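Worksheet: one structure, shown below.
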Protein chains: 2
Amino acid sequence: MRLTAKGRATRQRIIEGAAAYLRSDDPAGVTLDDIRAITGTSKGQIFHYFPDGKEELFLAVARFEADRVLDDQQPHLGALTSWAAWERWRDSVIARYRAQGRNCPLGALMSQVGSTPGANEVVSTLLNRWQFHVREGIAEMQEAGLVRASVDADRVAAAFIAGIQGGVQVLRSTGSIAHLEASLDTLIDHLRG
Amino acid sequence: MRLTAKGRATRQRIIEGAAAYLRSDDPAGVTLDDIRAITGTSKGQIFHYFPDGKEELFLAVARFEADRVLDDQQPHLGALTSWAAWERWRDSVIARYRAQGRNCPLGALMSQVGSTPGANEVVSTLLNRWQFHVREGIAEMQEAGLVRASVDADRVAAAFIAGIQGGVQVLRSTGSIAHLEASLDTLIDHLRG
DNA sequence: CTTTTTCTGGACCGGCTGGTCCACTGTGGT
DNA sequence: ACCACAGTGGACCAGCCGGTCCAGAAAAAG
């Protein structure tokens, strides 16, 4: 599919409009017609830019949102080289999800598109990159002698990822951010030894 | 609504049949007609026993499954009074979710019924009871002098809940149970100090 | 045995939603 | 000027799915 500048702009408008919609409103039943209305486009355009329809569009939105998740944690996530940096990262994660509240765009997408290979791939990629940064941070702290060498960096990084995911899920269900905080704080405590 | 013995049996058959279906098959798009077919009932019966339709039925199934989640961890979860007991509990959780694999009945229900008050209440109740047992376990370990008193039992219990939830979610997305294991092991390590 | 209530089966409906189709318009290249 | 193709709009369709309704069987009540 060849795209002109105008075409690329429209395609992007659809993705970002859909993402904005998911971030603001109840995402339980997102329909193509909702997105069409919000982005000021037509059915023809949606299927022109996303020939495979709903799934292709939603996966594009999911990838867009997945990038945002990591971007929102930068520059902290990329430089976990001191306890202060870890605290700043912690705060940025809490702040991000507190602002997001109960609406989780990625979660909404995933429950819509189900567990297709494409969806799993988006989530896996995000979690892998996320965990990679945390693991790097732990390893650097160990090299600097700030974290004991007996800590299994990969395992604890996995625990961070799981704790964050679970904390966000609890936030979505109960509206309380306490679990996310507890998870991050406990694991950082664990690193401090 | 008055129920005879036969009626109660049918109602239960619907709930348990639906639960079994969610446990085995891809639960992305569960429809009332699926449940009707599997349980060998008719539309009339479903709406007879669950007048509010889909949501009422699905919440009943969710409550049923939520009870199972805790039951499957007993008797270990109720008596976390030694390190051996904690390990047994850990193993039972891992075993349960390894057996369950990618199909998470409760998760499927929740993504179907959305974030209605009823659904949130079911999840909140489950998580609260779960966390209560873990907190009690930590407190007992502290009283026995096996865990240092400086540990905030409630906070670490919350971290356990978040870690488990996140681990299960990663399992659903990637099929790997590593995150669940990492989370439990890291937090138990943390308790060991 | 009659009456009343519960239980069961399934035909039917209305609306929603993803997806198709086609006509029309813009636009860039030659 | 022309042409080919990208972009746009929206009417239309088919299937699905939650939900309604009613008629008849079974069983409790009297």
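Just so it is clear: chains get the letters A, B, ... in the order the sequence lines come, proteins before strands, and each one is counted from 1. In this text, all values refer to a predicted model and were calculated from it rather than measured experimentally.
- Side-chain N/O atoms of Thr4(B) include none lying less than 4.0 angstrom from OP1 or OP2 on dT5(C).
- Under a 4.5 Å side-chain heavy-atom cut-off, the cluster of Ile, Leu, Val, Met, Phe, Trp and Tyr residues that includes Val122(A) is completed by Leu59(A).
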Worked verdict on Arg8(A) versus Gln12(A) for side-chain hydrogen bond (donor to acceptor under 3.5 Å, both in side chains): CA-CA 6 Å; Arg8(A) 256 173 279 129; Gln12(A) 199 60 21; over 6 Å; no
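- Put simply, CD1 on Ile46(B) is 13 Å from P on dC17(D), counting in whole angstrom units.
- Atom C1' of nucleotide dT27(C) and atom CZ of Arg2(A) are separated by 12 Å, given to the nearest angstrom.
- Residues in residues 32-46 of chain B take part in these side-chain hydrogen bond (donor to acceptor under 3.5 Å, both in side chains) pairs, two or more places apart or across chains: Asp33(B)-Arg36(B), Thr39(B)-Thr41(B), Ser42(B)-Gln45(B).
- Rounding to whole angstrom units, CZ of residue Arg36(A) and P of dT8(D) are separated by 14 Å.
- Ala84(B) pairs by the side-chain contact (heavy atoms from CB on, under 4.5 Å) definition with Ser82(B), Arg88(B), not counting sequence neighbours.
- Between Arg8(B) atom CZ and dA28(D) atom P the separation is 11 Å, expressed in whole Å.
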Base-contact (B) and sugar-phosphate-only (S) positions in nucleotides 8-26 of chain C, heavy-atom cut-off under 4.0 Å, - elsewhere: BBB------SBBB------
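- Not counting sequence neighbours, the partners of Ala153(A) by the side-chain contact (heavy atoms from CB on, under 4.5 Å) test are Arg135(A), Ile138(A), Gln142(A).
- A ring-ring contact (aromatic ring centres under 6.0 Å, His included) check over residues 145-185 of chain B, counting only residues at least two apart or in different chains, returns the pairs Trp86(B)-Phe160(B), Trp89(B)-Phe160(B).
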